[in-house]
Structures are given as structure tokens and as C-alpha cells.
Amino acid sequence: MVAAVLAAVLGTAGCGAAEPAGALPAAGPPTPVLGSQPSAGLTEAAEPPQVGIPPAPQGVPAVGWAAMTTLADIRAAGDRPLPAPREDPACSLAGCSWSFGAETLVWSASSGARALRTEVFSRWKSSEGNLGWPVTSEYSFGGDYRTDFQRGSLMYVPRLGRTMVYLPEVEKAAVVIGDSQAGRDTWVGKGLFSLGYQPVILGAGGTGYTKGNGTVGNYPSALEGEEWLMPWGKPGLVVLQGGGNDAHGASNREIRHNAIALIREIRRTYPEARIVVVGVIGDGTGRRGEVDDLMARVSAEENLEFLSPKDWWKRYSVRSKLDDGLHFGRAGHDAVAPVFARELSRILDRPQD
């Protein structure tokens, strides 16, 4: 289940940092006419009532206009009236959206009219259709606010001012922030999978605590800027891996500052999750070794568990399996994954302080 949801929603670009916002006036699940279940809502009727509805603006399908204005009227008649719309609906062949400031009404022939928090609407737009159309309006869930789509769900967390993805079995997930060493098919991803975790890989090749790659920012910037879609809830494990790219050009002071910023934001995001920091794989010498030592000190300062692969190239005689002097081919990842799994398991078997 985790893998299926991740395939639909993870890896999409974010909408940028949103100003922290509190709850919308909604306090509970939407009423059936607002779409509290995928099979409910305005789409169940052959066509919304037309009485008293003004003519549709140019380019807006009559049925979509009727559905959205009916939803706006229902809200106005209750305790959650919408403000005046900012402009006419924007429509394509697939459907329409209509901005009301803090909320946006969305309509399609397949899902009817729904009301989305605008932060969630922006994230949904950036998913490039991976989520499908919304099948509910926002409703309270687990102390936060959830919106369901045809292929997944998004959560808005007022405490964080952040949109996150809902994973049905998040307790089985290992959220990984890392560089090119940490993909699903690398020694990190394969090692986690062998321990029973579903790796949720964030970060990107060429990135690190201080380094972006031109498309994705450095770790703390990408997290705070919502360039990643973080899973909602309490994951089974959080792994912070990296530092190899920071070994080129960044000072210890810069790396330490950004590493601490990331750690503290991860703790704010997942206050109850177990966090393990994984250092820089190498032969134990040079700048890569120095950054590994630095991350060991930072982890100790922050009272986090640390796993050092500092000398694994040499210790396990796998340098010959590097394709380019820095990155393993498939054989190298296959060789190192069991080592990583064994060392990580030893850490996880210890009782936490």
C-alpha cells in the first residue's frame, strides 16, 4: 500500500513555501453534498439544479458553473461562507478551478465540485495529474485536515504550515533524506527494504546539507521550502544520509549549521520518530572522512544515533565496484546493502535513551 501511494504522489515538485495558516472554518467532515465520500457529492445527480443560477461566464461549462455556484451557495447558507471570488473560474478540457482566496473550488465531470484549501490546491496542481481529481472537500482527520483524491490523499498540518502526503501504513516507512547514495536501488534503499521498511526517498543526487543541484535545494532549504512532499504521521524511521557533496567547497561551520537546522526541523515535523544519521561512505581518508567525523560530532551534540560508513570502501574491499570513483554500480550496491542493514539493525536493537 505504501509503495502504491508513493508511486502516485511522491517526487513531485512543491509549490514553494507557504505562509503558515491555521484551520479553515471547517471543524468536521464535509457534508455529503460537499463530497465526504468518493461516491457522494454533486456528481451523483444527473445535473445540479439550474434555478436561480446566473449564466456561466465565457469558457465555463454550464454544468461545471452550476455545480460550483451551488457549492458556493450551500456554503453561504451555512456557517462557512466563502469570500468574494477573485476572478472568474479558469477552465480547461479536463475541468475548472475558481479561487476564493483561502480556498479554491475545483470541478470536473468525473468528480463534481469540491472545496480545497489553496495550499493543498497548489500542491495538487504541481503533482501533474498524479493524484487525479479531488473526490472530497477538506475534512478533519487525526487533528489535521485531509483531502482525498482519486489516487491518494493530502494532509494540511496547521502546526507546521505544511502540506504532506497521507500514507496508510506510514509506520512501515523509512523516510530517507539523502543524496545519490540513497535511492531505492542503492545500498541505503536495499538495506532498509531488507529490514522490512518501505523506503520513502527524498533528496536528490548532487545535494547535501549545504549543496543544491540547480533543481532541488540543499536539505534544510528543500524541507522548509516544501520541495519534498513529506509523509504525514509517525514514520517507522527517519534516516538522514549524506555529506559527500558537502565535502567539496563547504566549510565545517557551514555544514554543521545546516545539519543542525535540518535535524531540528525534522524533529519538529516528526517529534516522536526515531532518527538515525548516516555519514559519508569512503576509504576513511581525506575530506570525505573529515565530513563523516563532523557529522558524528553533530549527531552527538543533538543526541542522535550515528552510523559511520567512513571506511567501508577499504574495509569491505569494494572500491573496485565503484563505477566512477565515487558511486557504486549494481554489484557494489548489492555488496554493501547487507553491511548497511547489519550495522543499522545493531543500532535499532539498542534501547533509546
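By convention here, the first residue in the shown sequence is residue 1.
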Residues Thr104 and Ser97: side-chain donor-acceptor under 3.5 angstrom: no
From CA spacing to verdict: side-chain contact (heavy atoms from CB on, under 4.5 Å), Leu154, Trp232: CA-CA 9 Å; Leu154 294 178; Trp232 176 83; over 6 Å; no
Verdict with reasoning, Ser137 to Glu103, per side-chain contact (heavy atoms from CB on, under 4.5 Å): CA-CA 10 Å; Ser137 296; Glu103 295 181 77; over 6 Å; no
Between Thr210 and Asp246: side-chain donor-acceptor atoms closer than 3.5 Å: yes
side-chain contact (heavy atoms from CB on, under 4.5 Å) assessment of Leu262 paired with Ile177: CA-CA 10 Å; Leu262 175 70; Ile177 294 176; 4.2 Å; yes
Donor-acceptor side-chain pairing of Thr269 and Arg162 below 3.5 angstrom: yes
Ring centroid separation Trp107 to Trp133 under 6.0 Å: no
Charged tip of Arg86 within 45° of Phe100 ring normal and under 6.0 Å: no
Non-hydrogen atoms of Ile201 and Ala182 that approach each other most closely: CD1-O, 3.0 Å
Ionic contact status for Asp293 with Lys310, cut-off 4.0 Å: yes
Salt bridge present between Glu138 and Arg114 (N-O < 4.0 angstrom): no
No-hydrogen, no-angle side-chain donor-acceptor test under 3.5 Å, Asp148 and Ser153: yes
Student check: side-chain heavy atoms of Val176 and Val188 closer than 4.5 Å: yes
Test log, rule side-chain contact (heavy atoms from CB on, under 4.5 Å), inputs Val216 and Trp228: CA-CA 9 Å; Val216 179; Trp228 306 324; 3.9 Å; yes
Arg319 with Asp283: basic N within carboxylate O range, under 4.0 Å: yes
Arg146 NZ/CZ over Tyr166 ring centroid, <6.0 Å and within 45° of normal: yes
Side-chain touch Val276/Leu304, heavy atoms, less than 4.5 angstrom: no
Lys/Arg-Asp/Glu bridge criterion (N-O < 4.0 Å) met for Glu301, Arg256: yes
Asn218 side chain to Ser221 side chain, donor-acceptor N/O pair below 3.5 angstrom: yes
Centroid-centroid under 6.0 Å between Trp98 and Phe121 rings: no
